[in-house]
Undergrad: 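Let me give you the structure first, and then I'll get to my questions.
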Amino acid sequence: MSAKVNDDLLTERRKCEFNVEELTNYLDGGAQATQNRRKLEDKVLSTKGLFDEVPEEYLSHKEKYENAVRKAVVYYKAMKEAEDPNQTEQERANATYRSLLHAAVFKDNSPFSLHLAMFIPAILGQADEEQKKYWMKRASKMEIIGTYAQTELGHGTFIRGLETTATYDPKTEEFVLHSPTLTAYKWWPGSLAHTANYCVVMAHLYINGKSCGIQPFIVQFRDEETHQPLPGIKLGEIGAKLGFNTVNNGFLGFDQHRIPRNRMLMKNAQVLKDGTFKRSPNSKLTYGTMVYVRVVIVNGMANQLARAVTIAVRYSAVRRQSELKPDAGEPQILDYVTQQHKLFIGIASSHAFTLTAKWLTRMYQKVTADLEKGNLDELPELHAIACCLKAVTTTDTSVLVERSRTSCGGHGYMLSSNLPQIYGLVTAACTYEGENTVLMLQTARSLVKALEQAQSGKRLSPTMSYLSEKVSSRLKWDNSIDGIVKGFRRVAYGKVESAMRSMRKYVRSGLGPEDAWNMSSVQLVAASEYTSISEADIRQLQDTYEDLLGKIRPNAVGLVDAFDFRDQILNSTLGAYDGRVYERLMEEALKSPLNAEPVNQSFHKYLKPFMQGKL
Ligand SMILES: CCCCCCCC/C=C\CCCCCCCC(=O)SCCNC(=O)CCNC(=O)[C@H](O)C(C)(C)COP(=O)(O)OP(=O)(O)OC[C@H]1O[C@@H](n2cnc3c(N)ncnc32)[C@H](O)[C@@H]1OP(=O)(O)O
Ligand SMILES: Cc1cc2nc3c(=O)[nH]c(=O)nc-3n(C[C@H](O)[C@H](O)[C@H](O)COP(=O)(O)OP(=O)(O)OC[C@H]3O[C@@H](n4cnc5c(N)ncnc54)[C@H](O)[C@@H]3O)c2cc1C
């Protein structure tokens, strides 16, 4: 018999003014997609051995990892078996697009995540047809487990500064991989330490002493039978982190490690047997895997933010605290407008990121299809947009997830709420796949070029066209959606224009272009984001905003119910559908190993002698 649902949540659900199932279907991309997702979740989550007997927060660092590998094996087998052979690739992708299935199993991400998130995409995007056929067969059947090894101890952002070398030896038709310094050690790649046995390594290619730029190489670094590191390979784990503590991030050093010529992934650039180097049509195609993951991250943020606001909104409907009016009893904290302000932006942002992710994915698919035909025209725009959206969505999601946590008071600080772990996952995304400031500056680089083109009368791409609209200086302001968008366009135009004016001022003062860029870089980053609008407009917008909060209030629980996360995926004492928060907090607390006995051994060993002055 299912547990009784909290009365306040029942009332909230009765008050809801729209059809929750309809919104769920819309978010999934149709009723069939919802059905497929739920069917997949039912199948996988009913698999034995997927969940923890002891909450993983009570395991040691080593036990956490070993437990995660145990679960990863069960999980990926269950996912494979759950795949419906009659489904198209697209239907399968739709079923997983919004599902955070893995989050039900791994609170801190999976030791296999890099295999799926980067190793396979790197093969798909960087291998030639023959290499793709061979490596995709092995990788998709999980015969090998891979990762993406680009970042080094000394370099993460500056790819052209990577120190790992790959020197071609035409006599043996091999590449010699070497880490010339400690800072050249690959450092950070997920799964690298003890899980994977292959990786795509980004290394500086040299042929006859000449630099041929950064190229991708597929490298085996552990024996497939014994899992022992191969000769010339130094391996290890980088240690405990804020989050991602079951992703097994590691380090790898090469000591004159030899690999056959066909291990350089040669879709874009090639090395012939005699050492002839055939350049890529565009050296940045080598960075393609990162563009792909930045696109995926936008959707990932939408889902993670939806999970956090679901937990916080449901908790805010159940939690009663303080007095709004004398003798009126303690209100639901969701009735405080400050609480609505903290949480409703998160609901709206998650929907905005979901729609943005769909738009960006379509753009990515179009540009990738064009690249296959040799048309690179829209690659720079895709890069600039992917940089901006990855940076903006990860920054906003981190802020909004942290705000969801603090809006739940002390219980939000409990690991059993799962809000701290969600924060750990999303805040990492501000750094990985391109540190946000660096990516924003990449976007700014494109904006400055576009404004220069606009000022010389050239046509701009659709996403940059706002820079060529001669926006009247006294835009008639109204708080219609169109008026607000026009306001933002005017602000955005002004930000780019002011950053550019600032750079020109520094150049006139005698600074070189690089120093002028650096001096203006705070403005350049701001030009890539949005900031405030002029004073007079704020009052009008504020009234509209507060009025909107009141309109959303009766639908808040319905809006998060529509994300349709099952309790296992929320994995939270505060966010369960039935709202039995206090019982769950107590149930989880009693699982702490410290509660196994009333008096801990440290009393007799340390406390008692200390309190009796005997220590
Ligand atoms: C779990 C919860 C969350 C959910 C998320 C779900 C999804 C994820 C799933 C699961 C978990 C995943 C786990 C973690 C994964 C993390 C993995 C990693 O971190 S892998 C390492 C990433 N490292 C970087 O990204 C380095 C960043 N640095 C760079 O990209 C470059 O160094 C850059 C762009 C900053 C500078 O590169 P330059 O020095 O070669 O280029 P310049 O000299 O600046 O020139 C720039 C020119 O190049 C073009 N350009 C640069 N990059 C481009 C690109 N990628 N494509 C096209 N053009 C590009 C630009 O448009 C510009 O063009 P013009 O000269 O202005 O015309
Ligand atoms: C959880 C996690 C998982 C990861 N997984 C992987 C993985 O699987 N594979 C992999 O290869 N890497 C991985 N990374 C590494 C990640 O890609 C790098 O940390 C990231 O690219 C940033 O590089 P960095 O750490 O060297 O920082 P740095 O580049 O040293 O940045 C440090 C500071 O310098 C600033 N800075 C740097 N360059 C500029 C500039 N040009 N202009 C202005 N400011 C600048 C940055 O804004 C930042 O504030 C992971 C990282 C994390 C946190």
Side-chain angles (χ1 to χ4, degrees), residues 100 102-103 106 108-110 112-119 121-122 147-162 183 186-192 196 199-202 213-214 238 241-245 247-250 252 282-305 307 357 367 371 376 378-384 386-387 390-391 393-394 397-398 401 421-446 448-450 514 517-518 521-522 524-525:
L100 280 179
H102 58 81
F106 309 98
D108 219 4
N109 216 335
S110 152
F112 291 5
S113 55
L114 263 294
H115 180 78
L116 303 172
M118 290 206 81
F119 182 65
T147 182
Y148 182 84
Q150 171 174 297
T151 302
E152 296 171 353
L153 195 53
H155 286 93
T157 289
F158 189 48
I159 300 177
R160 285 183 291 133
L162 292 174
T183 49
K186 291 302 175 187
W187 186 279
W188 269 112
S191 322
L192 182 66
C199 61
V200 169
V201 174
M202 301 297 273
I214 301 294
I238 66 171
K241 304 171 289 281
L242 185 157
F244 265 57
N245 280 302
V247 172
N248 196 230
N249 302 82
L252 183 155
N282 175 329
S283 67
K284 305 306 175 195
L285 290 172
T286 317
Y287 297 177
T289 311
M290 292 178 280
V291 178
Y292 165 74
V293 179
R294 288 167 193 154
V295 171
V296 173
I297 284 170
V298 175
N299 179 54
M301 290 299 114
N303 293 340
Q304 294 293 352
L305 178 54
R307 198 159 63 122
V367 173
L371 292 179
L376 282 68
E378 290 181 26
L379 179 61
E381 184 184 21
L382 172 66
H383 165 61
C387 283
K390 181 269 183 189
T393 55
T394 53
T397 299
S398 300
V401 166
Q421 289 89 325
I422 296 174
Y423 177 73
L425 289 175
V426 300
T427 194
C430 294
T431 305
Y432 68 58
E433 221 52 75
E435 198 282 325
N436 283 356
T437 305
V438 170
L439 298 188
M440 282 301 206
L441 288 169
Q442 283 291 304
T443 304
R445 189 178 167 128
S446 300
V448 166
K449 278 170 64 174
E514 294 79 8
W517 173 273
N518 193 25
S521 54
V522 172
L524 286 163
V525 168

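Every value quoted in this text rests on a predicted model; they were computed, and no experiment measured them. Note that the numbering runs from 1 along the sequence shown for the chain. Order of appearance sets the numbers: ligands from 1, and atoms from 1 within every ligand. The figures here come from the full heavy-atom set of this structure, side chains too, leaving out hydrogens, waters and symmetry mates.
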Undergrad: Going by an N to O cut-off under 4.0 Å, is there a salt bridge joining E152 and K186?
TA: yes
Undergrad: Can you name the atoms of ligand 2, numbered from 1 with element, that are less than 4.0 Å from a heavy atom of A428?
TA: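 Counting from 1, the qualifying ligand atoms are 1 (C).
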Undergrad: For ligand 1, which part of L114 has a heavy atom less than 4.0 Å away: the side chain, the backbone, both, or neither?
TA: side chain
Undergrad: How does N249 reach ligand 2, if at all, at less than 4.0 Å between non-hydrogen atoms: by side chain, backbone, both, or neither?
TA: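 Just the side chain.
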Undergrad: What atoms of ligand 2 come closer than 4.0 angstrom to any heavy atom of G156?
TA: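 Checking each atom against G156, I get 21 (O), 23 (O), 24 (P), 26 (O).
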Undergrad: List every atom of ligand 1 that sits less than 4.0 Å from any heavy atom of Q304, numbering the atoms from 1 in the order shown and giving each element.
TA: 2 (C)
Undergrad: Check M301 against ligand 1 and report side chain, backbone, both or neither, counting heavy atoms closer than 4.0 Å.
TA: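 It is the side chain that gets close, since no backbone atom is under 4.0 Å.
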Undergrad: Return the option from T151, L192, T427, T157 holding the heavy atom at the smallest distance from atom 15 (C) of ligand 2.
TA: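 Shortest heavy-atom distance from atom 15 (C) of ligand 2: T151.
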Undergrad: Atom 33 (C) of ligand 1: which protein heavy atom is closest, and how many Å away?
TA: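 That would be Q442 NE2, 4.1 Å.
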Undergrad: Hey, is ligand 2 close enough to G434 that some N/O pair sits below 3.5 Å?
TA: no
Undergrad: Is there side-chain contact between V293 and Y148, with at least one heavy-atom pair below 4.5 Å?
TA: no
Undergrad: Give, for atom CG of N109 and atom CD of Q421, the distance between the pair rounded to the nearest 0.5 Å.
TA: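 Here the interatomic distance stands at 12.5 Å.
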Undergrad: How far apart are the closest heavy atoms of W188 and I238, and which atoms are they?
TA: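 Closest pair (atom of W188, atom of I238, distance): CE3-CD1, 3.6 Å.
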Undergrad: Is there at least one pair of N or O atoms, one from Y432 and one from ligand 2, spaced under 3.5 Å apart?
TA: no
Undergrad: Identify, for atom 15 (C) of ligand 1, the protein heavy atom at the shortest distance, and state residue, atom and that distance.
TA: E433 OE1, 3.8 Å
Undergrad: Is a side-chain donor or acceptor of N518 paired with a backbone partner of E514 at a separation under 3.5 angstrom?
TA: no
Undergrad: Number the atoms of ligand 1 from 1 as they appear, then name those within less than 4.0 Å of a heavy atom of Q150, with their elements.
TA: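 Atoms satisfying the 4.0 Å criterion: 21 (C), 22 (C), 23 (N), 24 (C), 26 (C).
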Undergrad: Counting non-hydrogen protein atoms only, what is the nearest one to atom 7 (C) of ligand 1? Give residue, atom name and distance.
TA: V296 CG1, 3.6 Å
Undergrad: Quiz question for you: does at least one protein heavy atom lie closer than 4.0 Å to atom 33 (C) of ligand 2?
TA: no
Undergrad: Give the atoms of ligand 1, by number and element, whose distance to some non-hydrogen atom of Y148 is under 4.0 Å.
TA: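 Near Y148, the atoms of ligand 1 are 20 (S).
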Undergrad: Kindly indicate whether the side chain of E378, heavy atoms from C-beta on, has any atom under 4.5 Å from the side chain of L382.
TA: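 A side-chain contact is absent here, since even the closest heavy-atom pair is not under 4.5 Å.
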Undergrad: Protein heavy atoms: any of them under 4.0 Å from atom 25 (O) of ligand 2?
TA: no
Undergrad: Can you sort out which atoms of ligand 2 are near T437, meaning under 4.0 Å from one of its heavy atoms?
TA: 47 (O)
Undergrad: Which part of L441 is near ligand 2, with near meaning a heavy atom under 4.0 Å away: side chain, backbone, both or neither?
TA: side chain
Undergrad: Between R445 and Q442, do the side chains contain an N or O donor and an N or O acceptor separated by less than 3.5 Å?
TA: no
Undergrad: Could you identify the single nearest non-hydrogen protein atom to atom 67 (O) of ligand 1 and state the distance to 0.1 Å?
TA: K449 NZ, 2.8 Å
Undergrad: Are any non-hydrogen protein atoms located under 4.0 Å from atom 9 (N) of ligand 2?
TA: yes
Undergrad: Using a 3.5 Å cut-off on N or O atoms only, is Q150 in polar contact with ligand 2?
TA: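 Among all N and O atoms of Q150, at least one is under 3.5 Å from an N or O of ligand 2.
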Undergrad: Identify the closest protein heavy atom to atom 54 (C) of ligand 1: which residue and atom is it, and at what distance?
TA: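 Answer, as residue, atom name and distance: H383 ND1, 3.4 Å.
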Undergrad: Work out whether the distance between some heavy atom of G156 and some atom of ligand 1 is less than 4.0 Å.
TA: yes
Undergrad: Looking at atom 46 (C) of ligand 2, what's its closest protein heavy atom, distance included?
TA: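 Minimum-distance protein heavy atom for atom 46 (C) of ligand 2 reads E435 OE1, 3.3 Å.
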Undergrad: Quick check on contacts: which atoms of ligand 1 are under 4.0 angstrom from a heavy atom of V438?
TA: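 So the answer, numbered in order with elements, is 35 (C).
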Undergrad: What about the rings of F119 and H115, do their centers lie closer together than 6.0 Å?
TA: yes
Undergrad: A side-chain contact here means heavy atoms from C-beta on lying under 4.5 Å apart; do S110 and V247 qualify?
TA: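 With C-beta onward as the side chain, the pair stays apart.
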Undergrad: So H383 and K284, do their side chains get closer than 4.5 Å, heavy atoms only?
TA: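 Not in contact.
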Undergrad: Report the member of W517, W188, F119, Y148 with the shortest heavy-atom distance to atom 14 (N) of ligand 2.
TA: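 Residue with the shortest heavy-atom distance to the ligand atom: W188.
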Undergrad: What are the atoms of ligand 1, with element, lying closer than 4.0 Å to any heavy atom of L379?
TA: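 Matching atoms, with element in brackets: 57 (C).
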Undergrad: Is there a protein heavy atom less than 4.0 Å away from atom 29 (O) of ligand 2?
TA: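 Protein heavy atom within 4.0 Å of atom 29 (O) of ligand 2: present.
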Undergrad: For ligand 2, which atoms have a heavy atom of G190 less than 4.0 angstrom away?
TA: 7 (C), 8 (O)
Undergrad: Around atom 37 (C) of ligand 2, find the nearest protein heavy atom and jot down its residue, atom name and distance.
TA: V438 CG2, 3.8 Å
Undergrad: How far is atom 65 (O) of ligand 1 from its nearest protein heavy atom, and which residue and atom name does that atom have?
TA: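 Atom 65 (O) of ligand 1 sits closest to the protein heavy atom R445 NH2, 2.9 Å.
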Undergrad: Under 4.0 Å, heavy atoms only, figure out whether ligand 2 is touched by the backbone of L114, its side chain, both or neither.
TA: side chain
Undergrad: Heavy-atom contacts with N109 under 4.0 Å: which atoms of ligand 1 show up? List them by number with element.
TA: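 In order of numbering, the contacting atoms are 1 (C), 11 (C).
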Undergrad: Of the protein's non-hydrogen atoms, which lies at the shortest distance from atom 5 (C) of ligand 1, and what is that distance?
TA: Y432 OH, 3.7 Å
Undergrad: Test side-chain contact (heavy atoms from CB on, under 4.5 Å) on T393 and N299; report intermediate values, then the result.
TA: CA-CA 9 Å; T393 55; N299 179 54; over 6 Å; no
Undergrad: Under a 4.0 angstrom heavy-atom cut-off, which atoms of ligand 1 come close to T157?
TA: 26 (C), 27 (C), 28 (N), 29 (C), 31 (C), 32 (O)
Undergrad: With a sphere of 6.0 Å drawn around OH of Y432, does it hold more than 12 non-hydrogen atoms of other residues, nucleotides or ligands?
TA: yes
Undergrad: Using the side-chain contact (heavy atoms from CB on, under 4.5 Å) rule, take M118 and T147 through it: C-alpha gap first, then chi angles, then the decisive distance, then the call.
TA: CA-CA 7 Å; M118 290 206 81; T147 182; over 6 Å; no
Undergrad: Please report whether ligand 2 has a polar contact with A149, defined as an N or O pair separated by less than 3.5 Å (distance criterion only).
TA: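 Checking ligand 2 against A149, no N or O pair falls under 3.5 Å apart.
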Undergrad: Starting from atom 10 (C) of ligand 1, find the nearest protein heavy-atom neighbour and note its residue, name and distance.
TA: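 Answer, as residue, atom name and distance: A117 CB, 3.8 Å.
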Undergrad: Between M290 and ligand 1, find which residue part has any heavy-atom pair under 4.0 Å and reply side chain, backbone, both or neither.
TA: side chain
Undergrad: Ignoring angles and geometry beyond distance, decide whether R294 reaches within less than 3.5 Å of ligand 1 through its nitrogen or oxygen atoms.
TA: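 By distance alone, the answer is yes.
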Undergrad: Which heavy atom of G424 sits nearest a heavy atom of T427, and at what distance?
TA: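 Distance-wise, the nearest heavy atoms are O-CG2, 3.7 Å.
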Undergrad: Given that the side chain starts at C-beta and the backbone is N, CA, C, O, which of these parts of V291 lies under 4.0 Å from ligand 1, counting heavy atoms, or is it both or neither?
TA: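 The answer is the side chain of V291.
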Undergrad: Flag the pair V426 / L305 as yes when at least one side-chain heavy-atom distance between them is below 4.5 Å, and no otherwise.
TA: no
